[in-house]
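Heads up: the structure comes next, in C-alpha cells.
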Amino acid sequence: MMKHLLLLLLVAVANAKIYERCDWAKTLKAKNMDGYRGVSLADGVCLTQHGSNFNTGAINRNTDDSTDYGIFQINNKWWCSDGGVSRANGCGIRCSELQTDNVETAIRCAKRIVDQQGVRAWVAWKAHCQNRNLSSYLRGCNL
Ligand SMILES: *[C@@H]1O[C@H](CO)[C@@H](O)[C@H](O)[C@H]1NC(C)=O
C-alpha cells in the first residue's frame, strides 16, 4: 500500500515542472502571450510567479473550497473539471491537464480566461502586478 502511494507521488512529481523565470517568459512569448489582448509578457510572468512560483504542479485550496491548478492557478469552479465543485468547465478540460509539464493546455485555458474576463480574473495579478512597475519580471531575459 505504501509502496503504491510512493510510486504515485513520484509519478506526479516527475510530470510537473518548475520553470526558471526567463525560460517561462520565453515559453509565454513563443505561445503569443506577449501582448495577448493587451496583457503584457511581464503581466503573465508576474501573475504566475505570485500564483504558482512557475510550478506546473501547484495546487491550492481556496477559502470557498474551490481549488486552483497549475502554473496559472486556474480554478475548478469555472474553468476545469475535477469532479468537485465545478459548475462550468469553461476550458473543457480535466483540471489534472493543467498540472503537467506540457503547458499547451494551461496556456490555451489562460487565454480563454483573458478572452472572457481579462487579466483581472487573477487575484494574484490584482494583488501583486496591477499598477506596479513590472520591469524586474523580465530583467536579464534574452527574449
Ligand atoms: C521601472 O523600473 C525600472 C528600473 O527598476 C526603471 O528603469 C523604469 O524607468 C521604471 N519604469 C517606470 C514606468 O517607472
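Order of appearance sets the numbers: ligands from 1, and atoms from 1 within every ligand. All residue numbers in this chain count up from 1 along the given sequence.
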Legend entry - Arg37 side chain vs Gly118 backbone, donor-acceptor pair below 3.5 Å: no

Legend entry - Closest protein heavy atom to atom 2 (O) of ligand 1, given as residue, atom name and distance to 0.1 Å: Asn133 ND2, 2.3 Å

Legend entry - Contact bool for atom 10 (C) of ligand 1 (protein heavy atom, d < 4.0 Å): yes

Inset, instruction - Determine the minimum heavy-atom distance between Lys29 and Asp34, stating which atoms define it. - result: CE-OD2, 3.8 Å

Legend entry - Test item: protein heavy atom less than 4.0 Å from atom 7 (O) of ligand 1: no

Legend entry - Closest protein heavy atom (residue, atom, distance) for atom 5 (O) of ligand 1: Arg139 NH2, 3.3 Å

Legend entry - Test: Cys109-Cys80 SG spacing under 2.5 Å: no

Legend entry - Check: Asn75/Asp68 side-chain N/O donor and acceptor closer than 3.5 Å: yes

